[in-house]
Amino acid sequence: MTELISIRNIGPTFADALTAVGIKTAEELRALGADVAYCKLLEGGTKPHFIGYYVLHMALQGRPWNDCKGEEKKKLRKRFDTLKAKHFDQDQSEFERILDQIGVVASKRLTPELKGAPAEEHPFNLSAL
């Protein structure tokens, strides 16, 4: 397995953020693709930043980070805004995010099969404790 930092534009800090959300190798990152990986970062509490999003796209294409321009950049901006709206909870505090990660509180992002399910069927039901 290849380290994340072997990919152009992925430095130690970006690699640490990816590892924190379960993306540990260059192969895993390439298999997921930029959009899915960025969604994982957002859901893990990373604050949205357009430059980070397009740098990830450029990295997976082996291009310099600042190579994104014109129409390509405009299209990526629209995708970024859509992903941010769907996958970043700006009202969740850092403390809530950590509790969510370790399973102390239920995620606000329920899977489709759990939406509308009785509370006792939710994976983080603590009422029996």
Side-chain angles (χ1 to χ4, degrees):
M1 295 296 181
T2 311
E3 291 186 14
L4 289 164
I5 59 170
S6 69
I7 298 174
R8 180 183 191 149
N9 304 329
I10 304 292
T13 303
F14 207 156
D16 288 346
L18 291 165
T19 299
V21 296
I23 304 168
K24 297 178 176 142
T25 67
E27 292 83 4
E28 289 174 332
L29 178 57
R30 285 188 181 100
L32 288 172
D35 284 354
V36 172
Y38 199 76
C39 288
K40 286 180 169 281
L41 289 169
L42 292 177
E43 290 172 358
T46 297
K47 291 190 178 173
H49 196 281
F50 178 58
I51 294 172
Y53 174 70
Y54 78 70
V55 164
L56 184 55
H57 274 273
M58 298 299 102
L60 291 178
Q61 295 174 32
R63 295 166 58 190
W65 72 269
N66 59 353
D67 197 34
C68 185
K69 295 179 172 61
E71 280 304 309
E72 179 183 28
K73 194 171 190 177
K74 288 177 187 175
K75 287 178 184 176
L76 284 177
R77 182 64 201 212
K78 286 182 182 180
R79 285 174 49 192
F80 168 79
D81 289 340
T82 300
L83 295 175
K84 182 175 104 174
K86 290 182 180 178
H87 297 277
F88 181 69
D89 186 353
Q90 65 186 15
D91 296 325
Q92 187 178 39
S93 71
E94 180 69 8
F95 181 67
E96 289 172 313
R97 184 189 62 75
I98 292 168
L99 290 176
D100 183 13
Q101 279 185 326
I102 63 173
V104 175
V105 297
S107 176
K108 293 178 184 176
R109 300 181 197 295
L110 295 176
T111 57
E113 63 272 6
L114 290 177
K115 286 185 179 176
E120 60 272 4
E121 293 179 21
H122 288 253
F124 302 113
N125 175 23
L126 303 176
S127 63
L129 298 179

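Heavy atoms only: backbone and side chains are in, while hydrogens, waters and symmetry mates are out.
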With [X], which residues qualify under side-chain hydrogen bond (donor to acceptor under 3.5 Å, both in side chains), at least two apart?
{"X": "T82", "value": "none"}
{"X": "R79", "value": "D35"}
{"X": "R30", "value": "none"}
{"X": "D81", "value": "R77"}

Holding to salt bridge (Lys or Arg N to Asp or Glu O under 4.0 Å), I want the full list of residues that pass it with K78, two or more places apart in sequence or in another chain.
none

Using the test salt bridge (Lys or Arg N to Asp or Glu O under 4.0 Å), find all partners of D16 that sit at least two apart in sequence or belong to another chain.
none

If I take atom [atom1] from residue [X] and atom [atom2] from residue [Y], how far apart are they, to the nearest 0.5 angstrom?
{"X": "L56", "Y": "I7", "atom1": "CG", "atom2": "CD1", "value": "8.5 Å"}
{"X": "N9", "Y": "F14", "atom1": "CG", "atom2": "CZ", "value": "9.5 Å"}
{"X": "K47", "Y": "F88", "atom1": "NZ", "atom2": "CZ", "value": "6.5 Å"}
{"X": "Y38", "Y": "L32", "atom1": "OH", "atom2": "CG", "value": "15.5 Å"}
{"X": "L42", "Y": "K86", "atom1": "CG", "atom2": "NZ", "value": "13.0 Å"}
{"X": "L4", "Y": "T19", "atom1": "CG", "atom2": "OG1", "value": "5.0 Å"}

All pairs passing salt bridge (Lys or Arg N to Asp or Glu O under 4.0 Å) where [range] contributes a residue, at least two apart:
{"range": "residues 3-13", "result": "none"}
{"range": "residues 18-27", "result": "none"}
{"range": "residues 54-66", "result": "R63-D67, R63-E72"}

Counterpart residues, side-chain contact (heavy atoms from CB on, under 4.5 Å), relative to T13 (two or more places apart)
none

State, with a plain yes or no, whether a side-chain heavy atom of T25 is found less than 4.5 Å away from one of E28.
yes

Contact between K40 and I23 at the side-chain level, heavy atoms closer than 4.5 Å - yes or no?
yes

Treat each ILVMFWY residue as a node, draw an edge where side-chain heavy atoms are under 4.5 Å apart, and state whether I5 and W65 are in one component.
no

Can you see which heavy atom on [X] is nearest to which on [Y], and at what distance?
{"X": "A17", "Y": "L41", "answer": "O-CD2, 3.5 Å"}
{"X": "L60", "Y": "A34", "answer": "CD1-N, 3.4 Å"}
{"X": "L29", "Y": "A37", "answer": "CD1-CB, 3.5 Å"}
{"X": "V21", "Y": "G44", "answer": "CG1-CA, 4.0 Å"}

Would you say the ring centers of Y53 and H57 fall short of 6.0 Å from each other?
yes

Can you list everything that forms a ring pair (Phe, Tyr, Trp, His ring centres under 6.0 Å) with Y54? Sequence neighbours excluded, please.
F50

